Structures are given as C-alpha cells and as structure tokens.
K.L.:
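If you scroll down you'll find the structure; I have some questions about it.
Below, chain A is the first sequence line, B the second, and so on; all start at residue 1. The figures here come from the full heavy-atom set of this structure, side chains too, leaving out hydrogens, waters and symmetry mates. Quick caveat: nothing in here was measured; it's all calculated off a predicted structure.
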Amino acid sequence: DAGVIQSPRHEVTEMGQEVTLRCKPISGHNSLFWYRQTMMRGLELLIYFNNNVPIDDSGMPEDRFSAKMPNASFSTLKIQPSEPRDSAVYFCASRLRGQPQHFGDGTRLSIL
Amino acid sequence: GQQVMQIPQYQHVQEGEDFTTYCNSSTTLSNIQWYKQRPGGHPVFLIQLVKSGEVKKQKRLTFQFGEAKKNSSLHITATQTTDVGTYFCAGLEGTASKLTFGTGTRLQVTL
C-alpha cells in the first residue's frame, strides 16, 4: 500500500521566494496534519484538516504560512515569502478516525 | 495550552543495558501514543494506550499509562543497536483529533 507521499523531498531556495510543499494522504484517510520539526522546537503541529476542512490552524507561525486541502487526496503548505528561520523538516501525516497517524518521509527545507 | 514533556532528552547506553523514557502531560489525556523516529526518518507509530494504569508489551518494549492518565513510560529491556532513534509520546485530550507530541528522548546504543 502506498503511504503518505510528500514532495519535494528536499528544497533549497533563497529567502523571499515562495515555497510550496505537497502532500498526498493515504487513500480513505479523513484527517490530514502538517508538522514542522526543528532541533530547537521539536515536532510542532501547524494545521490539521478533517474531511478537507481546516479545523485548527493555531500552530501556523504567521500569515506567511497558508495551507489548503482542495480535495481528499491532496494538500499544500505554502510559505510566502520564505525566511531562513523557516528552514526545517516539514511532515505531512494522515489518519482514519480513531486510528494512529501515518507520516510521510518529510520535506527538508533550507532557506538561504 | 497542553504541554507534554519527556525525560531524559538524550540517553546513551551500551548494548544490552535497559532504557526508560518518561512522559508527563500538563493535562489529563484520553489516550497516549508512542512513536519512534530513526535518524533521518519519520515518526512511526508504535502503540496506543487508552485505559488508566494500562500496561502493554511489544517484545522487549513495555509501555505504561499512569493511573491519573497524565503520564506514561516506555521501557526497553536489553537494548540493541536497532533501538537507536528518538522516541516520542503524543497525547490526545478528550475527543480531539489533535495530538500533542512530547519533546522526545533520543536514544543512542553502542556496542
């Protein structure tokens, strides 16, 4: 079975550029989560969706971050404009109600 | 907001020694989950505990959920080099979908 698929795996870009991270959840899962992981702050939940609807975006750092889930099989996390402090590993996870979360391999983002 | 702390942050053991990580929540949890993240990898689900005082075992790993449902522990007996990684607990409050991950304990095992 295909797991959660994230792209790109690595992204290096200059500050000020727009960055778009993509996630395809496991088919049939109805919740999707975006996390950011850094050494300093650990694993932080940014936003999550239930049935494609954003439920809690209190973890989104600031207005430069936005996330969408236009359908059950696709989500994006966008940073515009990007800053060096946004450098981190971004994980997407999905789950079926009442079941544990399944994580993608993550996107390693470096903002120069 | 809810906070989940783990201790220790880091532990280095020799292969064959035991290891324990402790997880404490600032609020009462409806359930607690444990994940393992290998270096360079992503968190992988290990187990979920739901009942007060629950104990579950997976081979050399023993998981406990505290009576007050605010703390948990993971004990590994006779560690192996394959146990290397960071172990996270993650708590759910009530019927929420949102998991709050602990700070993690990084385990290093050497021969």
K.L.:
Which residues satisfy the ring-ring contact (aromatic ring centres under 6.0 Å, His included) test with A:H29, sequence neighbours excluded?
P.N.:
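Once residues adjacent in sequence are excluded, the partners of A:H29 under the ring-ring contact (aromatic ring centres under 6.0 Å, His included) criterion are A:H102.
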K.L.:
In terms of side-chain heavy atoms, does B:Q37 have a donor or acceptor partner in A:Q37 at a distance below 3.5 Å?
P.N.:
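Present: a donor and an acceptor within the cut-off.
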K.L.:
Identify the two heavy atoms, one from B:G41 and one from A:F91, that lie closest to each other, and give their separation to 0.1 Å.
P.N.:
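Answer, listing the atom of B:G41 first, then A:F91: O-CZ, 3.7 Å.
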K.L.:
Within residues 49-69 of chain A, which residues come under 4.5 Å of chain B, heavy atom to heavy atom?
P.N.:
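Checking residues 49-69 of chain A against chain B gives A:N50, A:D56, A:S58.
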K.L.:
Checking A:R97 against chain B: side chain, backbone, both or neither under 4.5 Å from a heavy atom?
P.N.:
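For A:R97, neither part sits under 4.5 Å from chain B.
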K.L.:
For chain B, which residues from residues 104-112 of chain A have at least one heavy atom closer than 4.5 Å to it?
P.N.:
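If one takes a 4.5 Å heavy-atom cut-off, the residues of residues 104-112 of chain A near chain B are A:G104, A:D105.
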K.L.:
For atom CD of B:Q9, is the number of surrounding heavy atoms from other residues, nucleotides or ligands below 6.0 Å larger than 12?
P.N.:
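Open.
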K.L.:
Would B:I76 end up clustered with B:V84 when hydrophobic side chains under 4.5 Å apart are linked, directly or stepwise?
P.N.:
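Looking at the clustering, B:V84 is in the same group as B:I76.
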K.L.:
Under 4.5 Å between any side-chain heavy atoms of B:L99 and A:Y48, yes or no?
P.N.:
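The answer is no; the side chains never approach within 4.5 Å.
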K.L.:
When you compare the side chain of B:Y35 with that of A:Q101, does any pair of heavy atoms fall below 4.5 Å?
P.N.:
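Sidechains of B:Y35 and A:Q101: in contact.
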K.L.:
Find the distance between OG1 (B:T100) and CG (A:L45) and round it off to the nearest 0.5 Å.
P.N.:
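If I round to the nearest 0.5 Å, the distance is 7.5 Å.
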K.L.:
For residues 38-47 of chain B, pull every pair meeting salt bridge (charged side-chain N to carboxylate O under 4.0 Å, His left out), keeping only residues two or more places apart or in separate chains.
P.N.:
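For residues 38-47 of chain B, and leaving out neighbouring residues, there are no salt bridge (charged side-chain N to carboxylate O under 4.0 Å, His left out) pairs at all.
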